[in-house]
There are 2 protein chains.
Amino acid sequence: MEMEQNKIPQATAKRLPLYYRFINNLHTQGKSRVSSKELSEAVKVDSATIRRDFSYFGALGKKGYGYNVEYLLSFFRQTLDQDETTEVALIGVGNLGTAFLHYNFTKNNNTKIQIAFDTQSEKIGSVIGNVPIEHIDQLEAKMSNISVAILTVPSSAAQGIADRLVAAGISGILNFTPARITVPEHVRVHHIDLAVELQALVYFLKHYPLEEE
Amino acid sequence: MEMEQNKIPQATAKRLPLYYRFINNLHTQGKSRVSSKELSEAVKVDSATIRRDFSYFGALGKKGYGYNVEYLLSFFRQTLDQDETTEVALIGVGNLGTAFLHYNFTKNNNTKIQIAFDTQSEKIGSVIGNVPIEHIDQLEAKMSNISVAILTVPSSAAQGIADRLVAAGISGILNFTPARITVPEHVRVHHIDLAVELQALVYFLKHYPLEEE
DNA sequence: CAATAGTCGTTACGTTTTTCACAATCTCGC
DNA sequence: GCGAGATTGTGAAAAACGTAACGACTATTG
């Protein structure tokens with residue numbers, strides 16, 4: 001594992017996948033060149049921030065010209081390890097879980113949902129979006145060499161499943177339940193809380209009015 | 001609209017809904033008192049940060065004692081305008097949209113999905129999670145007094161729908177499509193990009209190793 | 001009532017992140 | 001090959017954010 005890029009700010013790291021997708025779009029559209037200003041309008045990130053972000057990886061552009069899309073794309077593919085796919089498990093095949101299974105991550109991404117788990121027997125054995133669904137009892141048995149899990153179970157089950165994932169050797173959990181799960185230090189958890197996101201938006205609307213007109 | 005709390009940092013504002021929910025939980029559990037340390041363990045936010053966040057609203061706690069759950073709850077209810085429900089529209093009743101419709105926001109929140117729209121005729125007229133589903137053609141007609149929309153349509157349709165929402169007088173959009181939509185300055189958009197979240201987690205796992213052991 | 005332990009509110013400081021602004025450099029048309 | 005215009009990369013400043021530390025105050029116990 002190269003540690004040279006250890007110095008990349010977290011805020012920058014979070015934007016990288018976004019950049020990657022839009023550069024990919026540009027490439028598909030046949031564009032061969034792009035400026036930080038254009039990219040800024042597309043991804044809604046300040047152009048200075050984009051230039052700064054890119055600069056952590058060295059001089060990727062040319063002054064007076066901008067960035068070569070092809071070069072940028074191949075660079076990001078390498079940086080984001082697009083060549084090597086990360087296998088992901090999904091726990092909880094409800095509506096939200098199903099949405100993920102239909103989401104074609106592999107197309108533009110380095111991730112692939114390899115297997116899904118649920119408790120409901122009528123779902124077991126079926127395949128959604130090319131992903132087979134197994135009974136949750138099989139979790140420990142079938143999680144070898146899977147290091148990332150998406151948690152879309154009811155919140156009451158979240159901590160219990162998280163404990164089992166940890167025991168099975170998970171490295172990262174994307175937690176969509178409202179519960180804040182507790183895990184050992186070596187496991188990284190990202191929380192995405194849909195109700196909180198909605199409420200936060202409402203709060204901002206009421207208390208941080210934007211420019212009128 | 002009170003503007004006194006204009007000075008609350010955005011980072012704090014984003015945490016308020018989270019605090020609210022956990023305080024609500026404590027109240028339901030019959031706890032009458034809580035310290036910033038306890039709350040910290042529950043919501044996974046540093047206790048000093050919690051005290052700081054609360055302090056923007058004045059002295060809510062008592063030294064040597066902690067915070068009174070009931071008081072905190074009534075305070076947050078007021079601050080987050082929990083008494084007055086915000087009506088929300090949902091556009092796009094796919095898997096993700098359906099997940100939202102089943103999510104009982106109203107229970108713990110000040111938001112209620114009032115109406116949903118889709119293009120597929122077999123869904124029109126049905127009701128999911130108490131929310132009626134209308135044809136997208138009805139959008140302009142039935143959006144009066146709705147100021148917030150959840151956008152869960154295919155990304156190719158995102159900008160077009162966004163334009164119509166803006167024309168219909170929307171104030172805020174929670175955008176779950178990978179597309180970054182363009183709107184006038186007075187409309188607030190929060191982007192939640194599931195693929196980006198997953199990729200970001202993977203990137204962090206590879207490049208920012210956590211403490212081993 | 002004194003002593004002890006607990007907890008807040010806030011100050012001070014360090015870190016991270018964003019933004020400004022411009023010299024350096026490149027492109028492109030003529 | 002020159003000059004006008006475009007765009008990068010970055011130094012420096014500002015803004016935003018997080019956290020350690022501690023004085024002030026409270027509750028509780030003996």
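Labels below follow one simple rule: chain letters A, B, ... track the order of the sequence lines, proteins then strands, and each chain is numbered from 1.
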Practice prompt. For B:N25 and B:Q29, test the side chains for any donor-to-acceptor distance below 3.5 angstrom and give the result as yes or no.
Written response: no
Worksheet, complete the sentence: Rounded to whole Å, the CG-P distance (A:N68 to D:dT8) equals 13 Å
Item to complete: May I ask you to check whether A:D53 and A:T12 show a side-chain donor-acceptor distance below 3.5 Å?
Response: yes
Practice prompt. Could you check how far NZ of A:K14 sits from C1' of C:dT17, rounded to whole Å?
Written response: 12 Å
Worksheet item: Got a donor-acceptor contact below 3.5 angstrom from the A:N175 side chain to the A:A179 backbone?
Response: yes
Worksheet item: OP1, OP2 of C:dT19 versus side-chain N and O of A:T49: anything below 4.0 Å?
Response: yes
Worksheet item: B:K63 NZ to C:dT7 P: how many Å, rounded?
Response: 14 Å
Worksheet item: In whole angstroms, how far is the P atom of D:dT7 from the OH atom of A:Y65?
Response: 11 Å
Fill in: Side chain proximity check, A:I91 to A:D118, heavy atoms < 4.5 angstrom
no
Discussion item. Rounding to an integer number of Å, can you tell me how far A:Y67 OH sits from D:dT7 P?
Written reply: 11 Å
Fill in: Gap between atoms OH and C1', on A:Y56 and D:dT8 respectively (whole Å)
15 Å
Fill in: Spacing of A:F54 atom CZ relative to D:dT10 atom P, expressed in whole Å
14 Å
Fill in: Residue met sooner reading DNA chain D from 5', once B:R33 and B:D53 are mapped to nucleotides
B:D53
Worksheet item: Does A:R15 put a side-chain nitrogen or oxygen below 4.0 Å from OP1 or OP2 of C:dT18?
Response: yes
Worksheet item: Base, sugar-phosphate, or nothing: which does B:S36 touch, judged by heavy atoms less than 4.0 Å apart?
Response: sugar-phosphate
Worksheet entry | Closest to the A:D46 side chain, choosing from C:dT10, C:dC22, C:dT19 | C:dT19
Worksheet item: Quick one: are B:Y203 and A:K14 in side-chain contact, heavy atoms under 4.5 Å?
Response: no
Discussion item. Quick check on DNA chain C: between A:Q10 and A:R51, whose nearest nucleotide comes earlier from the 5' end?
Written reply: A:Q10
Worksheet item: Donor-acceptor pair under 3.5 Å: do we get one between B:R52's side chain and the base of D:dT19?
Response: yes
Practice prompt. Could you tell me the separation between the NZ atom of A:K37 and the P atom of C:dT19, rounded to a whole number of Å?
Written response: 17 Å
